[in-house]
Structure formats: C-alpha cells, structure tokens
Amino acid sequence: QVQLVESGGGLVQAGDSLRLSCAASGRSFSGFTMGWFRQAPGKDREFVAAIRWSAGNTYYTDSVKDRFTVSRDNAARTVSLQMNSLKPEDTAVYSCAAGILTGQYYNSTYYRYWGQGTQVTVSS
C-alpha cells in the first residue's frame with residue numbers, strides 16, 4: 001500500500017523558515033515525479049514545487065522560486081521542502097504527491113498518490 005506522510009508544518013512568523021518532509025513507502029518511486037501542492041482556504045489547489053525522484057530535476061512556481069528548495073533523499077525515501085522567508089500568503093495546507101509524469105508537473109490531475117497534508121500558517 002502506497003503511503004505519503006507529510007510532517008513539519010506549524011505556525012511561524014513572517015520571515016521564518018520551515019522544513020516539510022514527505023515519507024514515501026509502499027513501492028519504488030524510481031521514475032516518479034514528487035510534487036508539493038498547497039491549498040489555502042477558499043482557493044484552488046496550487047502547484048508549489050516538484051522533483052524527479054531519479055534524475056533530481058526540480059521545478060518551482062514563480063512565487064516561491066528564490067525562497068523554497070525541494071530535495072529528495074533516496075536512502076531515506078523522503079522528499080523535503082525547505083521554505084525560507086515565509087510570507088503570510090504562504091499559509092495553506094501543503095500536500096505531497098507522486099505520479100509518473102512526462103511533463104505538466106504543475107498539473108495535480110497527473111499525480112496518482114497523495115498525502116493527507118500538513119498545515120503551514122504564517123503570521124504577519
């Protein structure tokens with residue numbers, strides 16, 4: 001059974017940092033793209049970042065490009081999202097996802113597996 005379990009969310013102040021982790025289990029993720037998405041109250045789910053598990057290629061949405069870093073640890077089977085210089089507009093539930101993609105890494109419909117999400121709240 002495939003499981004993606006996020007951790008690391010919390011309440012921080014603007015300018016602070018947080019590191020989210022996604023523990024992946026249940027199958028090999030070689031060839032998968034691992035994505036981070038977020039959803040704020042009353043808003044649509046939004047792509048944040050993605051990484052190709054095998055090759056390590058990374059992708060970011062423009063609003064986080066110079067502040068967030070996505071990485072993976074093959075041995076630990078985890079994907080992390082380091083978030084620096086957090087802003088109130090980063091407040092959302094952040095979810096980890098996995099899928100076999102040939103492109104459109106920003107499109108949530110192409111991700112097959114999802115975690116339950118972790119809340120990130122940034123106060124001003």
With sequence neighbours excluded, residues passing side-chain contact (heavy atoms from CB on, under 4.5 Å) with [X]:
X   : result
Q1  : none
D44 : none
Q82 : S17, R19, T69, N84

Got a sec, which pairs hit side chain to side chain donor-acceptor pair (under 3.5 Å) with one end in residues 23-32, sequence neighbours left out? S30-S54

What pairs of residues pass the salt bridge (charged side-chain N to carboxylate O under 4.0 Å, His left out) test when at least one of them lies in [range], not counting sequence neighbours?
range            : value
residues 48-66   : D62-K65
residues 111-124 : none
residues 32-41   : R38-E46, R38-D90

Suppose we screen for side-chain hydrogen bond (donor to acceptor under 3.5 Å, both in side chains). Which residues come up paired with [X], at least two apart in sequence or across chains?
X    : result
T109 : N107
K87  : none
T121 : Q119

Remaining members of Y111's ILVMFWY cluster at a side-chain heavy-atom cut-off under 4.5 Å?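 Under the 4.5 Å side-chain rule, Y111 groups with F37, F47, Y59, L101, Y105, Y106, Y110, W114.
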
Got a sec, which residues hit ring pair (Phe, Tyr, Trp, His ring centres under 6.0 Å) with Y113, two or more places apart in sequence or on another chain? none

With S7, which of C96, C22, S21 fulfils side chain to side chain contact (heavy atoms under 4.5 Å, CB included)?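 So, applying the side chain to side chain contact (heavy atoms under 4.5 Å, CB included) to S7 and each of C96, C22, S21, only S21 qualifies.
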
